[in-house]
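Note that this is a predicted model, so its numbers are computed, not measured.
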Amino acid sequence: PNSVGTSVAQHSWFEEMKGSKEGRITYEWQGKEKTQYFKYVPEIDSYVTVGFYTADMYAHLAEITNLVIVALLLSVIVILIVLFFIIRNLNSNISNIITKMKHATQAAINGELASRASTDGISFEFAPIVDGLNNTLDAVIGPLNVAAEYVDRIAKGDIPPKINDNYKGDFNEIKNNLNMCIDAIDLMVDDTKMLADSAVKGQLATRADASKHQGDFRAIVQGVNDTLDAVIGPLNVAAEYVDRIAKGDIPRRITDSYNG
């Protein structure tokens, strides 16, 4: 304020400023270093300047720097605390998942196919992992249970209806094989019933078509046909001889060989 209205033309720094027209100068003012930015404006034939004491500027910069450092340190501390809790939570969840998977695996090894892993104690972010394991077990064990039930019923002579559920991949192949087995058994049962009904009706020449069957089923049907031939052949000969004798037509003695 003491310099208001006074001329600065006698100062060396003013001469330096006049020579440059635009820039920055540093000089001593009232015992302290001062920095001044300036620019000459021809329209008003004057200099526009902005000045400040260098020490004051550095003091403000030091204050800002300290604030930035403190803020960075606080940010690092907060980040480390958050990371600590995240890592601890992550380790806890991973440990729980491993434990539950081990239990589910052991249950499967022990044949406890209905056992499933629980999501208790697992955060919602990791629950889909356990749910995925349970869904996988359901997808695998469901068709196996159906196959086991069908095999059990077939082994007891209770032939179930064909499987109409939709399965994929290897499970669909198992389903198709079971359905083929049911078809083969049903066909054999139908032919056996047909032979029995024909025998009851006296249709002793009726036979099942063994070529419709495969493997051991064909052998079984062919065996029934052969058994009927072995039984009915001698009966037909005896019936013929009785009929001829009844008519007074005494036939020759039977020379064929029979067993039993």
Side-chain angles (χ1 to χ4, degrees), residues 1-6 8 11-41 43-44 46-142 144 168-169:
N2 297 330
S3 300
V4 174
T6 61
V8 295
H11 295 285
S12 60
W13 54 264
F14 182 73
E15 293 297 327
E16 182 182 350
M17 188 172 67
K18 285 173 59 179
S20 300
K21 299 294 184 181
E22 180 180 353
R24 185 192 72 173
I25 58 174
T26 301
Y27 57 93
E28 185 174 335
W29 184 261
Q30 296 181 352
K32 294 191 294 183
E33 184 180 88
K34 192 172 184 178
T35 299
Q36 185 164 270
Y37 289 87
F38 61 91
K39 180 177 177 65
Y40 175 70
V41 182
E43 290 79 4
I44 59 175
S46 298
Y47 284 89
V48 177
T49 65
V50 175
F52 51 83
Y53 288 107
T54 306
D56 292 342
M57 180 191 68
Y58 284 126
H60 288 304
L61 287 176
E63 184 178 351
I64 294 172
T65 302
N66 291 336
L67 289 175
V68 171
I69 292 174
V70 171
L72 288 174
L73 289 175
L74 289 176
S75 299
V76 170
I77 292 172
V78 171
I79 292 172
L80 290 175
I81 292 174
V82 172
L83 285 176
F84 170 76
F85 284 105
I86 290 175
I87 293 173
R88 188 174 70 172
N89 182 62
L90 181 64
N91 288 336
S92 175
N93 278 285
I94 292 176
S95 178
N96 285 337
I97 291 173
I98 292 174
T99 299
K100 292 179 184 297
M101 285 188 170
K102 285 182 178 179
H103 289 165
T105 302
Q106 190 59 48
I109 293 174
N110 294 336
E112 301 168 1
L113 302 184
S115 178
R116 295 292 183 272
S118 171
T119 56
D120 293 342
I122 296 178
S123 63
F124 71 93
E125 298 95 339
F126 294 92
I129 297 176
V130 178
D131 290 336
L133 171 64
N134 290 336
N135 292 337
T136 301
L137 289 174
D138 290 339
V140 172
I141 293 170
L144 290 180
K168 297 179 181 180

- prompt: Of the non-hydrogen atoms in Gln36 and Tyr27, which two are nearest, and what is the gap between them?
  reply: OE1-OH, 3.4 Å

- prompt: Which pairs count as side chain to side chain donor-acceptor pair (under 3.5 Å) when at least one residue sits in residues 127-142, sequence neighbours excluded?
  reply: Arg116-Asp138

- prompt: Can you name the nearest heavy-atom pair linking Leu144 to Val140, along with the distance?
  reply: CG-O, 3.3 Å

- prompt: How many angstroms lie between atom CG of Leu90 and atom CG of Leu83, to the nearest 0.5 angstrom?
  reply: 11.5 Å

- request: May I have all residue pairs that pass salt bridge (Lys or Arg N to Asp or Glu O under 4.0 Å) and include part of residues 24-34, sequence neighbours excluded?
  value: none

- request: Under the side chain to side chain contact (heavy atoms under 4.5 Å, CB included) rule, collect the residues that match up with Thr105, sequence neighbours excluded.
  value: Ile109

statement: Note: Leu137 and Ser115 closest approach over all heavy atoms is CD1-O, 4.2 Å

task: List in chain and number order the residues that pass side chain to side chain contact (heavy atoms under 4.5 Å, CB included) with Asn89, two or more places apart in sequence or in another chain; answer none if no residue qualifies.
output: Asn93, Ser123

List the atom pairs, donor and acceptor, that lie under 3.5 Å between side-chain atoms in residues 57-71 and the rest of the protein, sequence neighbours left out.
{"unit_1": "Thr65", "atom_1": "OG1", "unit_2": "Leu61", "atom_2": "O", "d": "2.7"}
{"unit_1": "Asn66", "atom_1": "ND2", "unit_2": "Ala62", "atom_2": "O", "d": "3.1"}

query: Which pairs count as salt bridge (Lys or Arg N to Asp or Glu O under 4.0 Å) when at least one residue sits in residues 84-104, sequence neighbours excluded?
result: none

